[in-house]
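What follows is a short report on a single structure.
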Amino acid sequence: MAANSLLLLLSLSLTIFFVPTSLAADADPLQDFCVADLHSPVVVNGFPCKPNFTVVSDDFFSSAISVAGDTNNMFGSSITPANVLSFPGLNTLGLSMNRVDIAPGGVNPPHVHPHATQLGFVVEGKVLVGFVTTAGVFYSKVLGPGMNFIIPRGLMHFELNIGEGKALEITAFNSQLPGTVVSSVTLFGSKPPIPDAVLSRTFQVDNQIIDLIKSKFGN
């Protein structure tokens, strides 16, 4: 009897430790949330596929990042995405790209990509790029044309143009829809707005300063 119990315990242990990863963990999220339609026969994390007979060559083509973005804004930068929303052929392939145009002195402000790791490639200009780990450690590097920098998934990072001319960076992601959460826009420009009491206590300033900052973001 004891031998049988030991054999059963060993079998259960092997089942737990050697079950395929795909069966032992949730799939990676591709969007912030998915409100369940309990009556739908389609269950996907992302987007369903259109029938093959309707697919055309243009579904696998995008010229989105061939055109420079308008950097005439508060940050002096522009992000042009080529993700599944504008490039349907990317669906399920786990890839997308952005074009990042930054005017002299401009910044792609601190932000995170909750769904993807980012690999940046500087095409033109001089860019200071950096990210902060969950332990509060800051890593940064000044990049010139032809240089790369990696941003691990979900970590806060930025790009600052420290050159005399415009900067151009191409970023690649291991997600069809990496998502972007810009810290300043999220905290001070959300709709409805985050209560002043939360932000004033968080940043250790009075409500007047919080209201001033919010006014810059339309709140």
Side-chain angles (χ1 to χ4, degrees), residues 32 62-87 95-134 136-191 193-194 199 202-203 205 209-219:
D32 289 339
S62 172
S63 61
I65 64 173
S66 66
V67 180
D70 182 7
T71 58
N72 185 26
N73 54 59
M74 65 189 303
F75 296 125
S77 64
S78 175
I79 312 301
T80 305
N83 57 42
V84 70
L85 298 179
S86 62
F87 193 174
L95 294 170
S96 62
M97 301 178 76
N98 281 353
R99 175 184 178 128
V100 184
D101 291 284
I102 313 176
V107 64
N108 186 13
H111 61 283
V112 301
H113 301 295
H115 311 150
T117 292
Q118 170 185 312
L119 178 62
F121 175 81
V122 174
V123 178
E124 180 182 0
K126 189 176 183 181
V127 180
L128 172 65
V129 60
F131 70 87
V132 181
T133 71
T134 56
V137 180
F138 175 53
Y139 295 96
S140 67
K141 193 75 175 178
V142 174
L143 305 183
M147 298 180 182
N148 288 110
F149 199 73
I150 192 77
I151 307 293
R153 173 178 171 173
L155 296 186
M156 187 72 68
H157 61 284
F158 66 87
E159 290 99 6
L160 173 68
N161 184 351
I162 60 173
E164 296 181 358
K166 66 179 182 179
L168 171 60
E169 181 185 12
I170 301 297
T171 54
F173 304 93
N174 62 341
S175 169
Q176 66 185 39
L177 196 59
T180 302
V181 180
V182 180
S183 58
S184 56
V185 175
T186 301
L187 292 173
F188 298 103
S190 66
K191 306 292 183 183
I194 296 174
L199 297 174
T202 298
F203 291 100
V205 297
I209 294 177
I210 296 299
D211 288 338
L212 176 62
I213 298 174
K214 280 185 173 180
S215 70
K216 305 293 185 180
F217 294 91
N219 274 337

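Numbering starts at 1 and runs along the sequence shown.
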Please report the shortest heavy-atom distance between S184 and F75, naming the atom on each side.
OG-CZ, 3.7 Å
Examine distances only and state if a side-chain atom of N161 and a backbone atom of G106 form a donor-acceptor pair shorter than 3.5 Å.
no
Minimal non-hydrogen separation, P109 against V182, with atom names:
CG-CG1, 3.8 Å
Angle class for the F138/F158 ring planes (parallel below 30°, perpendicular above 60°, tilted otherwise)?
parallel
Test side-chain contact (heavy atoms from CB on, under 4.5 Å) on V129 and I151 and set out the steps.
CA-CA 9 Å; V129 60; I151 307 293; 4.2 Å; yes
What is the distance from atom CZ of F188 to atom CD1 of I210, rounded to the nearest 0.5 Å?
4.5 Å
Does the R99 side chain pair with the main chain of P81, one donor and one acceptor, at a distance under 3.5 Å?
no
Between OG1 of T171 and CD of E159, what distance do you get to the nearest 0.5 Å?
7.0 Å
Under the salt bridge (Lys or Arg N to Asp or Glu O under 4.0 Å) test, residues paired with K214 that sit two or more places apart
D196
F217, CZ: over 12 other non-hydrogen atoms inside 6.0 angstrom:
yes
To the nearest 0.5 Å, what is the distance between CD (E169) and CG (N98)?
9.5 Å
From T117 atom OG1 to N174 atom CG, the distance as rounded to the nearest 0.5 Å
4.5 Å
Spell out, as yes or no, whether a donor-acceptor pair under 3.5 Å connects the side chain of D101 to the backbone of G69.
yes
Between V181, T180, L155, T186, which is the residue that forms a side-chain contact (heavy atoms from CB on, under 4.5 Å) with V112?
V181
Tightest non-hydrogen contact, residues H115 and S175, listed as O-CB, 3.5 Å
Flag, side chain of H113 to backbone of G179, donor-acceptor distance under 3.5 Å:
yes
Taking all heavy atoms of N219 and all of P193, pick out the closest pair and write down the distance.
ND2-CB, 3.7 Å
Do N83 side-chain atoms and Q176 backbone N/O form a donor-acceptor pair below 3.5 Å?
no
Contact check, side chains of F203 and L187, non-hydrogen atoms, under 4.5 Å
yes
Nearest heavy-atom approach of T80 to A64 is CG2-O, 3.3 Å
How far apart are the closest heavy atoms of D70 and S78, and which atoms are they?
O-CB, 3.3 Å
Drop me the distance from S183's OG to H157's NE2, to the nearest 0.5 angstrom.
10.5 Å
Rounded to the nearest 0.5 angstrom, the CG-NZ distance for L143 and K126 is 11.0 Å
